Number of protein chains: 2
Amino acid sequence: MALEHAILVSLAEQAATGYDLARRFDASIGYFWRASHQQIYKTLARMEADGWVSATIEPREGTADKKTYAITDAGREELTRFSAEPSPREALRSDFAVKLRGLADVAAIVEDTRRRRADHVERLDRYEASAKRHYPDPAAIEEHERGAYLALRGGILSERTGIAWCDEILGQLETRSER
Amino acid sequence: MALEHAILVSLAEQAATGYDLARRFDASIGYFWRASHQQIYKTLARMEADGWVSATIEPREGTADKKTYAITDAGREELTRFSAEPSPREALRSDFAVKLRGLADVAAIVEDTRRRRADHVERLDRYEASAKRHYPDPAAIEEHERGAYLALRGGILSERTGIAWCDEILGQLETRSER
DNA sequence: TAGAACATGTAACCAGTTACATGATTAG
DNA sequence: CTAATCATGTAACTGGTTACATGTTCTA
């Protein structure tokens with residue numbers, strides 16, 4: 001379970017509210033870990049109880065207090081411990097591959113594949129734009145950015161592969177479904 | 001939730017016991033959907049209640065009856081319905097990418113990356129061996145095998161990408177951690 | 001003044017994991 | 001005789017999703 005650790009990584013870079021974190025999980029960190037605000041709030045509460053983060057409370061009238069979370073020393077220790085531990089192989093679960101394997105409705109799969117392809121292209125564009133903006137010269141990457149850069153590279157490689165797979169599928173199925 | 005559908009795809013090919021399914025989920029179908037036997041038994045019970053599968057019971061003395069499941073017409077209908085529905089984009093969750101992004105312990109990540117690379121290589125070998133055995137001539141693939149072939153191709157492409165990513169990570173981190 | 005952005009949560013539910021538990025049959 | 005394989009389950013827990021719920025502040 002890495003949501004806690006993803007939050008720690010994020011807070012290690014910069015303290016934040018649950019709301020801020022939810023937005024970060026819609027962008028950079030969210031490239032490789034998705035999380036809803038509900039889950040983030042729940043997890044932050046647990047992490048605070050565990051002493052991994054501490055909240056600075058800004059009281060507000062008429063509505064819930066604003067809480068800005070920062071990583072604690074215990075949180076930093078936990079992050080180090082997590083880093084040293086071998087990471088489990090991702091469980092692969094793909095509705096699409098199941099569907100493809102069944103191949104019950106070629107026309108529907110072709111349509112689905114086109115949509116997926118467009119989605120991969122859109123993500124690839126975002127990742128490449130991000131890479132260009134943040135790391136215009138890959139040879140000049142500073143040590144503190146290297147992790148983020150390599151993670152982004154993983155995203156780029158995987159979106160490209162997604163596109164290639166879709167193209168292969170479409171190449172084999174398209175003509176069949178349209179004639 | 002595609003476990004039910006993965007089971008339907010599998011049963012559409014061949015009737016099976018829960019145990020058989022668990023083994024299939026360790027092999028072919030398991031290339032893109034993992035499931036434990038506990039979960040398979042639980043799901044089969046629900047699917048039987050829903051009328052998607054029917055069980056032929058072989059009573060056994062002293063231990064639980066053996067149940068062989070077959071897909072029903074309702075199950076086949078459900079599979080068609082599922083096939084026509086757009087598939088949700090896979091939620092990406094990677095402990096490894098979170099760790100990489102944090103980059104708290106370079107030596108540990110290098111070690112982890114080497115392990116992941118070896119794992120990718122092993123899987124790629126299995127997939128390629130399977131492709132060679134089942135589809136020696138890609139030009140001569142029959143329509144009923146095309147889905148399985150394309151799913152396997154997805155596995156091959158993604159393992160290759162995994163290896164390439166690991167190589168890129170190792171290329172950038174290895175020298176740093178060893179000197 | 002309306003809608004977007006900021007901000008925080010609860011409750012019910014569901015899928016999946018881990019641990020536990022049993023027993024028969026077959027091959028070496 | 002022993003280990004692997006065949007075969008089926010229950011129970012407790014955890015992580016994540018969906019639906020619901022509220023209120024403020026800023027900007028066009």
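Protein chains get the first letters and strands the later ones, always in sequence-line order, with residue 1 at the start of each. Being a predicted model, the structure only gives us computed values, none of them experimental.
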Student: Take the protein atom CZ of A:R24 and the nucleotide atom P of C:dA7, then report the distance between them rounded to whole Å.
Tutor: 12 Å

Student: Establish, with yes or no, whether the OP1 or OP2 oxygen of D:dC6 is under 4.0 angstrom from a side-chain nitrogen or oxygen of B:Y19.
Tutor: yes

Student: What's the CD-C1' distance between B:E48 and D:dG9, to the nearest Å?
Tutor: 14 Å

Student: Rounded off to whole Å, could you give me the CD1-to-P distance for the A:I57 and C:dA7 pair?
Tutor: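 Spelled out: CD1 on A:I57 to P on C:dA7 is 15 Å.
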
Student: May I ask you to say whether A:E168 pairs ionically with B:R146, meaning some side-chain N is under 4.0 Å from a carboxylate O?
Tutor: no

Student: Map B:R93 and B:G18 onto DNA chain D by nearest heavy atom, then report which one ends up closer to the 5' terminus.
Tutor: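 Residue closer to the 5' terminus by nearest nucleotide: B:G18.
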
Student: NA contact type, B:R34, heavy-atom cut-off 4.0 Å: base, sugar-phosphate, or nothing?
Tutor: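 Result for B:R34 = nothing.
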
Student: Decide, yes or no, whether a salt bridge links A:D20 with A:R24 under the criterion of side-chain N to carboxylate O below 4.0 Å.
Tutor: no

Student: Expressed in angstrom and rounded to an integer, what is the separation of A:L44 atom CG from C:dT10 atom C1'?
Tutor: 16 Å

Student: When you get a sec, tell me which of C:dG23, D:dT17, C:dG9 is the closest nucleotide to the side chain of B:T63?
Tutor: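 Comparing C:dG23, D:dT17, C:dG9 against the side chain of B:T63, the answer is C:dG23.
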
Student: Check the angle between the aromatic planes of B:Y127 and B:Y31 and answer parallel, tilted or perpendicular using the 30° and 60° thresholds.
Tutor: tilted

Student: Between A:E77 and A:R81, is there a side-chain N and carboxylate O pair less than 4.0 Å apart?
Tutor: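 Not counted as a salt bridge, because no side-chain N and carboxylate O are separated by less than 4.0 Å.
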
Student: Just the rounded figure in Å: distance from P of D:dA19 to CD of A:Q39.
Tutor: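 Spelled out: CD on A:Q39 to P on D:dA19 is 16 Å.
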
Student: Rounded to the nearest angstrom, tell me the gap between atom CG in B:L92 and atom C1' in D:dG16.
Tutor: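 Between C1' of D:dG16 and CG of B:L92: 15 Å.
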
Student: If you only use heavy atoms from C-beta on, which nucleotide in D:dG16, D:dA7, C:dG16 is closest to the side chain of B:T17?
Tutor: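 Closest nucleotide to the B:T17 side chain: D:dA7.
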
Student: Specify the separation, in whole Å, of atom CG of B:D26 and atom C1' of D:dC6.
Tutor: 14 Å

Student: Please confirm whether the shortest side-chain N or O distance from A:R60 to OP1 or OP2 of C:dC6 is below 4.0 Å.
Tutor: no

Student: Of all the choices, C:dG9, D:dT8, D:dT24, which nucleotide is nearest to the side chain of A:Q38 once you look at every atom?
Tutor: C:dG9

Student: State whether B:E122 and A:R89 are salt-bridged, where the test is any N-O pair (Lys NZ or Arg NE/NH1/NH2 against Asp/Glu carboxylate O) under 4.0 Å.
Tutor: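 A:R89 and B:E122: not salt-bridged.
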
Student: Of the options D:dA7, C:dT17, C:dA7, whose atoms approach the side-chain atoms of B:S36 most closely?
Tutor: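 Of all the options, the side chain of B:S36 is nearest to C:dT17.
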
Student: Mapping B:K42 and B:H37 to their closest nucleotides on DNA chain C, which lands nearer the 5' end?
Tutor: B:K42

Student: Using the side-chain heavy atoms of A:K66, tell me which of these nucleotides is nearest: D:dT8, C:dT8, D:dT18.
Tutor: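 Taking heavy atoms from C-beta onward, the closest nucleotide is C:dT8.
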
Student: Using a strict 4.0 Å threshold on nitrogen-to-oxygen distance, state whether A:E48 and A:K67 make a salt bridge.
Tutor: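 No, this pair does not count.
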
Student: Could you work out which one of D:dC6, C:dG23, C:dT8 sits closest to the side chain of A:A64?
Tutor: C:dT8

Student: What integer distance in Å separates B:D65:CG from D:dC6:C1'?
Tutor: 15 Å

Student: Is the distance from OP1 or OP2 of C:dG9 to the nearest side-chain N or O of A:K67 less than 4.0 Å?
Tutor: yes

Student: On DNA chain D, compare the nucleotides closest to A:R46 and B:Y41; which residue's is nearer the 5' end?
Tutor: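 Final value for this comparison: B:Y41.
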
